[in-house]
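Hydrogens, waters and symmetry mates are skipped; everything else that's a heavy atom, side chains included, is used. Quick note on labels: first sequence line is chain A, next is B, and so on, each numbered from 1.
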Amino acid sequence: MAIHSREARHGASAKSALRPPALRLEGVRKSYGHVLAVAGVDLTVQEGEFFTLLGPSGSGKTTLLRLIAGFERPDAGTIELAGRDVTSTPPHLRQTNTVFQDYALFPHMTVADNIGYGLRIKGIPKAEREERVQTALSMVRLAGLDKRKPNQLSGGQRQRVALARAVVNEPEVLLLDEPLGALDLKLRQEMQLELKRIQQKVGITFVYVTHDQEEALTMSDRMAVMADGKIEQIGPPVEVYERPATEFVAGFIGISNVLERNGIRFVVRPEKLHMLEEGQEPRSGMTVESGIVEQVVYVGMSTRYIVRLDRGEQLVAVRQNMDAPGQALRYEGRRVRLAWVPGHTYVLDHQRARGESALSEHDTEER
Amino acid sequence: MAVEAAGRPRKKSGAASLQSWLWRRRWLSSALLLTPPLGWFLLIYIASLALLLVTAFWQINFFTTQIEQVWNLDNFRTIVSDPTYRIIIGRTVALAAVVTITDAVIAFPFAYYMARVASRRIQTLLFAAVLLPLWASYIARIYSWILILNHSGVLNWSLQSLNLPPADIGYTNVAMWIVFSYIWLPFMIIPTYAAMERLPESLMEAAADLGARRWRAVRDVVLPLALPGVVAGSIFTFSLTLGDYITPILVGGESSGWRSLGLGTGSTFIGNVVYSNVGIANNVPFAAALTMIPVAIMTLYLLGAKRLGAFEAL
């Protein structure tokens with residue numbers, strides 16, 4: 001789907017299985033003084049993929065991105081772009097472009113000059129440069145704003161200019177460092193779809209850093225969840241969400257309901273829990289446990305019920321607000337039963353728990 | 001304690017009621033705050049400048065050497081019509097320009113290194129090195145340059161030991177150029193440094209990311225964005241050179257050939273003329289009129305600087 005424009009640039013050759021991946025990291029480590037920011041990361045990103053690095057602040061995801069861009073040099077490990085080892089290549093010679101968190105637009109240049117800067121350095125003739133800048137501008141829906149200066153643009157518009165400035169160079173890999181972090185919720189959701197649309201249109205490989213799990217789930221083809229400089233799990237959003245490999249992943253993505261029964265620890269997602277009122281019977285095959293609703297949290301579209309089980313653990317159940325307004329709140333303090341299908345729970349497997357092992361397993365799955 | 005606290009809201013203490021009285025009259029507290037600096041500014045600065053301007057339109061009685069409060073334009077007429085003064089003004093402006101350019105050329109890479117390359121520790125050390133000379137006496141620093149530049153000074157002695165001919169630049173325009181450039185350099189470095197320090201690192205990274213080598217990124221990004229800082233620094237270097245009279249007296253002198261820096265053989269600058277008219281000739285009205293020249297030049301200069309955004313960089 002997204003591949004054809006990319007192939008057009010690389011000649012007519014079909015995408016072969018032998019083609020090297022867009023990005024490959026092997027054993028990449030980086031520390032600042034005593035702080036280990038990236039603690040041995042292996043990672044393969046295929047061409048045309050929208051790949052997300054998800055993690056809390058301090059998990060090493062931004063450092064990893066900066067290592068790929070070349071702003072930092074790894075202490076160990078190799079970085080390959082399209083099969084070429086670029087570990088010691090300076091950033092200006094790498095076929096990557098970055099969308100910075102603060103956009104880093106040149107304040108003294110117009111929008112058009114900002115976008116055309118990379119092409120100007122490459123020595124692209126003026127006529128072609130202007131044409132490509134215009135194409136990039138209309139791609140991010142900013143046609144007509146080319147004469148403006150960055151400080152005459154809104155946050156969302158600046159974000160688009162930053163994106164256009166990077167994409168126009170047709171990099172091997174486009175790196176995005178929390179590009180939507182400074183935007184308000186509404187604009188952010190709009191831009192999420194926009195980014196995905198653009199990525200599919202140009203077919204460039206995206207490596208996207210975010211701490212926002214919803215963003216990661218919405219946009220990614222595959223995502224890596226990072227913690228403490230390591231990758232906890234790599235996989236498509238559905239897999240990572242539905243089958244979290246570790247307790248950390250389960251907790252970071254969505255609300256974690258971790259239970260331990262008969263020595264097995266497992267996760268039940270809040271939306272998989274049925275809250276039964278008195279007289280309601282569970283469907284056959286469901287596991288049922290009873291408890292008391294401790295707190296009801298109204299979140300607009302849905303309501304979260306925080307239930308203390310009689311066996312001591314706390315679970316969160318989510319229900320859509322389909323009843324009359326305000327009905328949800330009357331549940332506070334009530335005794336309820338929570339039921340779930342055992343097949344919808346996921347056992348936390350400690351063998352798969354830490355970074356590298358989980359990774360190699362998934363990599364073999366890929367191939 | 002508890003009882004007291006409970007009774008408090010009803011009965012305000014004196015200090016609290018004064019505070020809330022002032023708080024309701026914001027203008028009064030700002031007025032109180034502004035009175036001393038504004039008074040100083042008006043009285044000492046504006047008033048003396050106004051007096052200077054007024055004096056420029058008076059004249060002196062050459063027999064009694066008393067100032068006569070007779071309004072006329074003779075002083076200005078003399079300055080404009082007498083080629084000597086035109087040459088002096090031109091020479092002074094040219095020297096100020098050369099000094100400013102020299103300082104900008106030296107300060108830019110220095111400030112760049114300080115702001116963007118050096119570690120925190122080196123940065124602090126360099127900052128101290130830049131500011132340290134400002135704590136020493138201006139006269140002492142000029143004299144130390146005399147010791148370096150004069151005929152039997154350190155420079156010629158060093159050249160001699162290398163079997164090179166002596167430079168003999170003491171008491172010439174070249175000496176003035178060197179000394180002025182040295183003395184005003186900190187005033188150029190600091191605003192340039194401040195302007196560069198403010199640039200986010202991500203701008204340089206973005207330039208590199210888009211394919212620019214370091215020097216190219218400096219030219220395309222740092223230079224234009226730090227330019228207001230350089231212009232701000234040039235306000236100091238230019239105006240200070242324009243008004244100085246001590247350096248020309250101490251290190252200047254009749255100079256010829258390359259040692260004149262192309263500014264002519266004379267060694268008189270606006271500052272010297274003002275100085276001799278106040279002291280020796282005792283023609284204060286003429287000195288005041290001549291002083292108006294640098295004031296006018298600086299006014300034009302500041303207007304230009306404002307357009308280049310230098311005041312945002314200060």
Side-chain angles (χ1 to χ4, degrees), chain A residues 62 65-72 89-110 113-124 129 133 136 149-151 158 161-179 182, chain B residues 104 108 111-113 115-124 191-234 304-314:
Chain A
T62 294
L65 197 80
R66 293 175 59 78
L67 285 164
I68 300 168
F71 303 139
E72 310 280 347
T89 307
H92 69 269
L93 297 176
R94 289 194 194 192
Q95 291 297 305
T96 57
N97 283 112
T98 307
V99 177
F100 292 83
Q101 194 173 6
D102 63 354
Y103 315 145
L105 298 178
F106 305 124
H108 58 298
M109 294 185 196
T110 61
D113 287 345
N114 262 285
I115 297 174
Y117 187 71
L119 301 176
R120 210 175 84 207
I121 286 181
K122 278 199 207 106
I124 308 278
R129 204 165 73 210
V133 167
K149 289 278 182 72
N151 63 10
R158 281 179 216 184
V161 175
L163 182 66
R165 184 177 69 173
V167 169
V168 79
N169 302 292
E170 301 181 346
E172 210 66 65
V173 176
L174 186 74
L175 307 167
L176 301 101
D177 185 9
E178 308 214 20
Chain B
F108 194 87
Y112 179 80
Y113 180 79
R116 312 218 61 93
V117 182
S119 67
R120 266 262 165 265
R121 248 192 54 176
I122 302 280
Q123 209 175 41
T124 313
T192 307
Y193 164 82
M196 285 180 184
E197 171 86 302
R198 254 193 300 230
L199 300 180
E201 183 60 29
S202 62
L203 287 183
M204 288 298 282
E205 282 174 356
D209 190 71
L210 293 164
R213 288 166 178 281
R214 202 174 181 96
W215 70 266
R216 178 93 199 244
V218 168
R219 198 191 75 186
D220 289 350
V221 178
V222 179
L223 186 64
L225 291 174
L227 195 65
V230 178
V231 175
S234 78
K306 189 176 185 298
R307 296 195 73 180
L308 288 169
F311 297 108
E312 284 82 57
L314 272 175

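- For NZ of B:Lys306, the number of neighbouring non-hydrogen atoms (other residues, nucleotides, ligands) closer than 6.0 Å is 12 at most.
- Applying the salt bridge (Lys or Arg N to Asp or Glu O under 4.0 Å) rule to A:Arg66 yields the partners A:Glu72, B:Glu205; only residues at least two apart in sequence or on another chain are considered.
- Contacts between A:Ile121 and chain B at a heavy-atom distance below 4.5 Å involve backbone atoms as well as side-chain atoms.
- Between A:Arg165 and B:Ala206, the shortest heavy-atom distance links the atoms NH2-CB, 3.5 Å.
- Residue B:Leu225 touches chain A through its side chain alone, counting heavy-atom pairs closer than 4.5 Å.
- No other option in A:Ala104, A:Gly118, A:Ala166 has as many heavy-atom pairs under 4.5 Å with chain B as A:Ala104.
- Residue pairs that meet the salt bridge (Lys or Arg N to Asp or Glu O under 4.0 Å) test with at least one member in residues 206-216 of chain B, sequence neighbours left out, are B:Arg216-B:Asp220.
- Rounding to the nearest 0.5 Å places CG of B:Leu199 at 11.0 Å from CZ of A:Phe106.
- Only the side chain of A:Asp102 comes within contact range of chain B, with at least one heavy atom under 4.5 Å from a heavy atom of that chain.
- Minimum interatomic distance between A:Tyr117 and B:Ala212 (heavy atoms only, all atoms of both residues): OH-CB, 3.6 Å.
- Neither the backbone nor the side chain of A:Leu175 has a heavy atom closer than 4.5 Å to any heavy atom of chain B.
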